[in-house]
Amino acid sequence: MESRRTIYDYGFELLFSTSSCILSILFLGFFLGYLTHAVVFLAFFIPIRIAGGGYHAESYGKCFMLTNILAMGSVFTSKFIWNIDSVYFKGTIVIGLAWAVWYMWKVSPVVPLQYQNKTRYKERNRKYAHKILILEIVILFAAYIANDITHVYTAIITSYLVALMMKFAKKGGKNNGCSIDIRYGND
């Protein structure tokens with residue numbers, strides 16, 4: 001019975017942490033004038049992170065700060081690069097996106113160190129991650145066709161960040177704190 005309470009406590013902590021982070025990103029987006037970009041960031045950040053894993057901060061507070069900083073950085077970087085009018089630069093952006101998608105496809109899911117021996121759901125999560133990546137590419141292509149370039153850049157920068165978080169975790173970064181790690185189950 002105590003183990004169930006621990007799981008419920010963890011679930012409520014995770015729910016509060018995740019919802020407060022999402023609300024903060026949306027709140028900042030609204031008041032700083034980039035709400036739609038904040039929504040794009042969340043849409044391209046959260047699904048692949050749940051299925052694909054990656055670096056996780058050491059505490060909920062650090063996770064909150066890191067995720068908000070990444071959101072603002074993604075938005076402001078995408079707005080900056082939107083103003084660069086160079087075919088070479090845009091080609092570099094597309095090549096970088098190809099690397100990020102390839103890398104996420106290859107390494108997903110990044111299994112946290114503490115769950116290396118509990119990988120019952122690894123193949124299922126790999127399939128989810130692949131489906132999410134395909135969906136994200138379709139959405140990116142549709143947004144590009146619709147000439148919604150600033151949002152496309154936000155999605156691309158977000159994809160870079162997720163790939164880097166996976167790469168950092170693969171090199172031994174922390175894997176605890178603000179993630180849904182119980183999905184790996186008890187083998």
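The structure displayed is predicted, hence computed values, not measured ones.
F141 and I95 end up in different hydrophobic clusters when Ile, Leu, Val, Met, Phe, Trp and Tyr side chains are linked at under 4.5 Å. Hydrophobic cluster membership differs between L164 and V94, with clusters built from Ile, Leu, Val, Met, Phe, Trp and Tyr side chains linked at under 4.5 angstrom. The hydrophobic clustering, which links ILVMFWY residues whose side-chain heavy atoms are closer than 4.5 Å, places L70 and I50 together.
Residue L23 holds its CG atom at 10.5 Å from OG1 of T18, rounded to the nearest 0.5 Å. How far CH2 of W82 is from OH of Y153: 10.0 Å, rounded to the nearest 0.5 Å. The line from CG of L97 to CD1 of I137 is 5.0 Å long, rounded to the nearest 0.5 Å. Put simply, NZ on K122 and NZ on K127 are 14.0 Å apart, with the number rounded to the nearest 0.5 Å. Here the straight-line distance linking atom CG of L161 with atom OG1 of T158 works out to 6.0 Å at 0.5 Å rounding. Between atom OG of residue S78 and atom CD1 of residue I149 there is a gap of 11.5 Å, rounded to the nearest 0.5 Å.
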* Could you check V110 against V107 for side-chain contact (heavy atoms from CB on, under 4.5 Å), going step by step and ending with a plain yes or no? => CA-CA 6 Å; V110 175; V107 302; 4.0 Å; yes

List the steps, then state whether side-chain contact (heavy atoms from CB on, under 4.5 Å) holds for I156 with I93.
CA-CA 8 Å; I156 290 172; I93 296 287; 3.9 Å; yes

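For the pair R49 (side chain) and M165 (backbone), a donor-acceptor distance under 3.5 Å is absent. Looking at Y34, its side chain never comes within 3.5 Å of a backbone N or O of M72 through a donor-acceptor pair. Between the side chain of T67 and the backbone N or O of F64, no donor-acceptor pair lies under 3.5 Å.
Taking 4.5 Å as the limit, every side-chain heavy atom of K62 sits out of range of all side-chain heavy atoms of M65. Side-chain contact between L66 and Y55: present, with at least one pair of heavy atoms (C-beta onward) separated by less than 4.5 Å. Side-chain contact check for L140 versus F44: some heavy-atom pair is nearer than 4.5 Å. Contact annotation: the side chain of M166 approaches that of I48 to within less than 4.5 Å [non-hydrogen atoms, C-beta and beyond]. Within the 4.5 Å cutoff, the side chain of V75 has no heavy atoms near those of the I157 side chain.
Heavy atoms from other residues, nucleotides or ligands lying under 6.0 Å from CG of D85 number 12 at most. A 6.0 Å sphere centred on CZ of F45 holds more than 12 heavy atoms belonging to other residues, nucleotides or ligands.
Side-chain contact, T154 with S74: no donor N or O sits under 3.5 Å from an acceptor N or O. Residues S108 and H130 bring no donor and acceptor atom of their side chains to less than 3.5 Å of each other.
Here the two rings, on F76 and F80, have centers that are 6.0 Å apart or farther.
Among residues two or more places apart in sequence or in another chain, the side chain to side chain donor-acceptor pair (under 3.5 Å) test is passed with S24 by N68.
For the pair G29 and A38, the tightest heavy-atom approach, listed with the atom from each and the gap, is CA-CB, 4.3 Å.
Ring pair H37/H151 is parallel by interplanar angle, where below 30° counts as parallel and above 60° as perpendicular.
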